[in-house]
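Every chain is numbered from 1 and lettered A, B, ... according to where its sequence line falls, protein lines coming before strand lines. Note that the coordinates shown come from a computational prediction; the quantities given were computed from them, not determined experimentally.
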There are 2 protein chains.
Amino acid sequence: MNLKHATEIGKCLSNQTRFQIMEWLKEPEKHFPPHETLKHFNDGVCVTYIQEKTGLSQSTVSTYLTNMEKCGLLICTRHGKWSYLKRNEETIKLFTEFLK
Amino acid sequence: MNLKHATEIGKCLSNQTRFQIMEWLKEPEKHFPPHETLKHFNDGVCVTYIQEKTGLSQSTVSTYLTNMEKCGLLICTRHGKWSYLKRNEETIKLFTEFLK
DNA sequence: TTGACATATCGGTAATTATAGATATGTTTG
DNA sequence: CAAACATATCTATAATTACCGATATGTCAA
């Protein structure tokens, strides 16, 4: 973790919807309906569910999630036509340790 | 700490200069010259020193610091005509705990 | 292969933020 | 009180980000 990387993460956390997504993903089963094909949330939540919950457009949320993945806040796993997102606790830890 | 407050902090940390200030203030004696009137850095560093180190204008840095104080990232102590800024470790802790 | 669906990217406009200079406020000192 | 100095606030413009609709890409299932 360096200053530039940490600032990129700061940018992601500078928007209430994006920060909210990070919070929702702490407990997916609490905030999202179960997926049709997957029985668990091991790889997180699909883009559509997140998008619907935010109330923003598909393109906006897709861009959010892409950037959040780029800076390492989220991990994206593809299963068929779905992309599942989960928190990257490793990066979160590095970020918080860098800050304090 | 709630989502709105955490996002305000995120905004402060979304700019490289502001994040840098947080880092400098971890070890003031390492990054700033000693003050003329105060022998220690117990209350942090004066605005002028921070401003000079950033290379940005006085008004810009003053606004940065004001906002960083408003969201609780910094503590401002006035000594005569100088304002001294130091990190607010309490808020930083609450923020990092909220995120993880 | 084609249609349906999930996600990503592009291109544009509105909103917000960055940043500075000018000016105001508050404090010390002569 | 007046001058000098430290900091804060105001006003304006440039740069960036927010957000959407349209379109492209990728995948599955018939």
Q.
Under 3.5 Å, is there any donor-acceptor pair linking the side chain of B/Ser59 to the base of C/dA20?
A.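 Answer is yes: a donor-acceptor pair is held.
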
Q. Does any N or O donor sit under 3.5 Å from an N or O acceptor when you compare the side chain of A/Ser57 with the base of D/dG21?
A.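 It does not, because no donor-acceptor pair links the side chain of A/Ser57 to the base of D/dG21 below 3.5 Å.
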
(Q) I need the full list of salt bridge (Lys or Arg N to Asp or Glu O under 4.0 Å) pairs touching residues 1-23 of chain A, with sequence neighbours left out, sorted by first then second residue. (A)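 Qualifying pairs, neighbours excluded: A/Glu23-A/Lys26.
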
Whole-Å gap separating [atom2] ([N]) and [atom1] ([X]):
X: A/Glu36; N: C/dA4; atom1: CD; atom2: C1'; value: 14 Å
X: A/Glu69; N: C/dT9; atom1: CD; atom2: C1'; value: 15 Å
X: B/Leu85; N: D/dA6; atom1: CG; atom2: P; value: 16 Å
X: A/Ile50; N: C/dA8; atom1: CD1; atom2: P; value: 10 Å
X: A/Met68; N: C/dT7; atom1: CE; atom2: P; value: 16 Å
X: B/Glu52; N: D/dC5; atom1: CD; atom2: P; value: 14 Å
X: B/Leu13; N: C/dA18; atom1: CG; atom2: P; value: 12 Å
X: B/Asn67; N: D/dT7; atom1: CG; atom2: P; value: 17 Å

Q: Map B/Thr66 and A/Thr63 onto DNA chain D by nearest heavy atom, then report which one ends up closer to the 5' terminus.
A: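 It is B/Thr66 whose nearest nucleotide is closer to the 5' end.
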
Nucleotide N/O of nucleotides 23-30 of chain C paired with protein N/O under 3.5 Å:
none

Closest to the [X] side chain: [options]?
X: A/Ser83; options: D/dC19, D/dT9, C/dT7; value: C/dT7
X: A/Val47; options: C/dT7, D/dT7, C/dA18; value: C/dT7
X: A/Leu56; options: C/dT19, C/dT7, D/dC19; value: D/dC19
X: B/Tyr64; options: D/dT7, C/dT19, D/dT17; value: C/dT19

**Q.** First of A/Lys70 and A/Ser14 reached from the 5' end of DNA chain C, by closest nucleotide
**A.**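 First, find each residue's nearest nucleotide; the 5'-ward one identifies A/Lys70.
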
Q. A/Asn15 side chain N/O closer than 4.0 Å to the phosphate oxygens (OP1, OP2) of D/dC19?
A.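 Checking A/Asn15 against D/dC19: at least one side-chain N or O falls below 4.0 Å of OP1 or OP2.
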
Q: Please check the phosphate of C/dA20 (OP1 and OP2 only) for any side-chain N or O of B/Thr60 closer than 4.0 Å.
A: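 Indeed, a polar side-chain atom of B/Thr60 lies that close.
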
Q) Do B/Leu99 and A/Ile75 share a hydrophobic cluster (ILVMFWY, side-chain heavy atoms under 4.5 Å, transitive)? A)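 No; A/Ile75 is not reachable from B/Leu99 via cluster members.
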
Q: Treating Ile, Leu, Val, Met, Phe, Trp and Tyr as nodes and any side-chain heavy-atom pair under 4.5 angstrom as an edge, say whether B/Phe95 and A/Leu25 lie in one connected cluster.
A: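 Hydrophobic grouping puts B/Phe95 with A/Leu25.
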
Q: Answer with yes or no after comparing the ring centroid distance for B/Tyr49 and B/Phe41 against a 6.0 Å cut-off, counting only values under it.
A: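 Centroid distance B/Tyr49-B/Phe41: not below 6.0 Å, so no.
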
Q: Would you give the length of the straight line joining atom CG of B/Asn15 to atom CD1 of B/Ile21, rounded to the nearest 0.5 angstrom?
A: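 It is 8.0 Å, given to the nearest 0.5 Å.
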
Q. Does any N or O in the side chain of B/Gln58 come within less than 3.5 Å of the main-chain N or O of B/Gln51, such that one atom is a donor and the other an acceptor?
A.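 Absent.
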
Q. Got a donor-acceptor contact below 3.5 angstrom from the B/His35 side chain to the B/Cys46 backbone?
A.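 Confirmed, B/His35 side chain pairs with B/Cys46 backbone.
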
Q. Going by atom types only, do B/Thr66 and B/Thr63 share a side-chain donor-acceptor pair under 3.5 Å?
A.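 No, because no side-chain N or O of B/Thr66 sits under 3.5 Å from a partner of the opposite role on B/Thr63.
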
Q: Answer yes or no: is there an ion pair linking B/Lys93 with B/Glu97, defined by an N-O contact shorter than 4.0 Å?
A: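 Yes.
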
Q: Evaluate the side chain to side chain contact (heavy atoms under 4.5 Å, CB included) criterion for residues A/Ile50 and A/Tyr64: first the C-alpha distance (whole Å), next the side-chain angles of each, then the deciding distance (0.1 Å), finally the verdict.
A: CA-CA 11 Å; A/Ile50 297 173; A/Tyr64 281 3; over 6 Å; no

Q. Using the C1' atoms of five pairs at each end, what's the angle between the two axes of the helix from C/dT1-D/dA30 to C/dG30-D/dC1, to 10 degrees?
A.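 Terminal axis comparison yields 30°.
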
